[in-house]
Amino acid sequence: MKKICRACGTQFPENYHLALCAICSEERQFIPLSGQRWTTHQELVESHKTEITEINEYLYEIIITPKFGIGQRAFLVLSESGNILWDCIPLLDQNIINFINQKGGLKAIAISHPHYYSNMNDWAEEFNCSVYIHSFDKEYVADKGRSIHHWSGESFKLWDNITIENIGGHFKGSSVLIISKLSKLGVMLCGDTMYLSPSMNFFAIMHSYPNRIPLKRTEILRIKERLSNLSFDTIYGFYSYQNLTENVRKIVAKSIEQHLSE
Ligand SMILES: [Zn+2]
Ligand SMILES: [Zn+2]
């Protein structure tokens, strides 16, 4: 039976025989002090549900309630040439299947980094689409389904001026989605490539957020340069509160300078 790690929400294939979750045992996450616990998709369907929130007419947030895993959210991006699921959550219930189908289904699933792999192959199968993951993070894909497409390079163009941009940092393959038509200068869905603080006034950019492992100064400099070449004025991050629509460039720039200060 496929099992899902309760701590991070990653689903592992039937032939996965390690006692511990490979994602949680990696240095960026942690096995809870109470120990490794598993569940199944069936159990999750019985105990949790998906909740959909409209951010605007082209963008919807999808979360699991009550909270499960890291508390991550996915986004449904509606676009003329095909809808995109950005990042993934491990619950694929009838509620979300019906909602997405009503909106025209999915043409692609694109994922920022390994903390969102969830049960992505089941989503891909349900909606008959591909999953786009940067090739730098290939080694973290435990369930190597046939829908997975590894892209490489800095930028990958989907359609309608929507691109996946590799930023790196948190993971080498960490990527963001840029949707230019959703705001004046473009909307960025960033996963936790950048992590907006509860003050809404600072972005942490780290190797690991829960374990507080910083990135090297050279990496922050490289990310600064990389971000300067992208157009955006709005950022939606990992958690539901991380929606930033005002002073975005200013807050990003100020945060990077703070990371670089000696
Ligand atoms: Zn895990
Ligand atoms: Zn992460």
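One-based numbering, in listed order, for ligands and for the atoms of each. Here, residue 1 is the first one in the sequence, and each next residue gets the next number. The model shown is predicted, which means the values in this text are computed figures rather than measured ones.
A salt bridge is absent between K3 and E14; no separation between the charged side-chain nitrogens and carboxylate oxygens falls under 4.0 Å.
Within H115, the N/O/S atom positioned nearest the Zn ion (ligand 2) carries the name ND1.
Side-chain rings of W38 and F12 approach one another, their centers coming within less than 6.0 Å.
The SG atom of C24 and the SG atom of C21 meet at the Zn ion (ligand 1) at an angle of about 120°, given to 10°. Vertex the Zn ion (ligand 1), arms ending at SG of C5 and SG of C8: the angle is 110° after rounding to 10 degrees. Take the Zn ion (ligand 2) as the corner point: the lines to NE2 of H170 and to NE2 of H113 open at 100°, to the nearest 10 degrees.
The aromatic rings of W151 and H134 lie perpendicular to each other, with more than 60° between the two planes, well past the 30° mark.
A donor-acceptor contact closer than 3.5 angstrom links the side chains of H113 and D192.
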